[in-house]
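Have a look at the structure below before the remarks.
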2 protein chains.
Amino acid sequence: MTEATDDRSEPSDSPCDVDCYCQLNGLMDLLSRRYAMQLICVVGAIGPARYGEIEDTFESVSSSTLSSRLDDLVDAGYLSREQYAEIPPRVEYDLTDAGEELCRRLQPLLEWAADRDV
Amino acid sequence: MTEATDDRSEPSDSPCDVDCYCQLNGLMDLLSRRYAMQLICVVGAIGPARYGEIEDTFESVSSSTLSSRLDDLVDAGYLSREQYAEIPPRVEYDLTDAGEELCRRLQPLLEWAADRDV
DNA sequence: CTCCGTTACTTCGGACTCGACAGTACAAGT
DNA sequence: ACTTGTACTGTCGAGTCCGAAGTAACGGAG
């Protein structure tokens, strides 16, 4: 109740206040998968990150789940995946531009969640 | 298993950077359920909201899913539920203080998602 | 007295998702 | 020859989620 000067008179520059939040098919479904949001922020925090680094960061995640979540995020264009022709193999994940923007918007949520959850 | 040995070759310029985002059990699991984030923002947008109003706002959500999601959010303390002894029944949902804070932090994400998804 | 309309939920069965564990490919080191 | 290290992939069973249809309650219409 800080600033309700807006009334509900529907200013024309806000074409979608409520209606928008309900049709979010792709992105919200993606973010609703397990570890998706944390993953974005973790990769954002440790920069180009190898698979093993990411796996170690989470305490309890199976490799199959982590792998498919990474694939999801790469497919959706929020993470980039660079594979080097080395043995043992090396793969680095990093945020794309869209991923960085997403990370920025996720940050306040996760910070608050971290404070609140512990 | 070694524990709490900070021999990572990382600069300690981040107080609570990576480790925090991975232990988020409760809240992130809750928000990862379908429609949970949208629900918070919708209730925040239309104020005290009746069940039917919420249902109408979403185009495709089954009543069972909506009902359990509302229960989840009420149990977690982000929504309040007020039931009136009338026929036909009337129930109103609203954000609690924690819910409002959550909504505030969800806002930038959902706005961006709405722009991007359409 | 019987049927209908309204509202806020349940119930049910199928679909999807997750985690544990094991296995793969490849080369360098011992 | 055998172990080590990395980044996965496969399989299976358990758990979770979702949507369509049904339920309960009462006032009002006929």
Residues A/E53 and A/R50 bridged, charged N to O under 4.0 Å | no
With no hydrogens and no angle check, is any side-chain donor or acceptor of B/R69 less than 3.5 Å from a backbone partner on B/R34?
-> yes
Side chain B/Y51, main chain B/L66, donor-acceptor under 3.5 Å = no
Determine: side-chain N/O of B/R90 to OP1/OP2 of C/dT6, distance under 4.0 Å, yes or no.
-> no
Figure out the CD1/P separation between A/I87 and C/dC26, and round it to whole Å.
-> 8 Å
Separation of atom CD in B/E55 from atom P in C/dA8, rounded to whole Å = 9 Å
C/dT6 phosphate, OP1 or OP2: any side-chain N/O from B/Y51 under 4.0 angstrom?
-> no
Earliest and latest nucleotide of DNA chain D, 5' to 3', sitting under 4.0 Å from a non-hydrogen atom of chain B?
-> D/dC17 to D/dC26
Would you indicate, yes or no, if C/dC18 has its OP1 or OP2 atom less than 4.0 angstrom from a side-chain nitrogen or oxygen of A/R69?
-> yes
5′-ward residue of the pair A/S32/B/S67 relative to DNA chain C | B/S67
Starting at the 5' end of DNA chain C, which residue's closest nucleotide do you reach first, B/S64 or A/S68?
-> B/S64
Any side-chain N or O of A/S62 under 4.0 Å from OP1/OP2 of C/dC18?
-> no
Establish, from distance only, whether the side-chain atoms of B/S67 and B/S64 form a donor-acceptor pair under 3.5 Å.
-> no
For A/Y93, answer base if it contacts any base atom (sugar-phosphate contacts may also be present), sugar-phosphate if it contacts only those atoms, and nothing otherwise; contact means non-hydrogen atoms under 4.0 Å.
-> sugar-phosphate
Length of the CG-P vector between B/L66 and C/dT11, whole Å = 17 Å
Just checking, any donor-acceptor pair under 3.5 angstrom between side chains of A/Q107 and A/R105?
-> no
Flag if over 12 foreign heavy atoms under 6.0 Å of CG, B/D97 | no
Carboxylate-amine/guanidinium contact A/R81 A/D94, below 4.0 Å = no
In whole angstrom, give the distance that lies between atom CD of B/E92 and atom P of C/dA8.
-> 9 Å
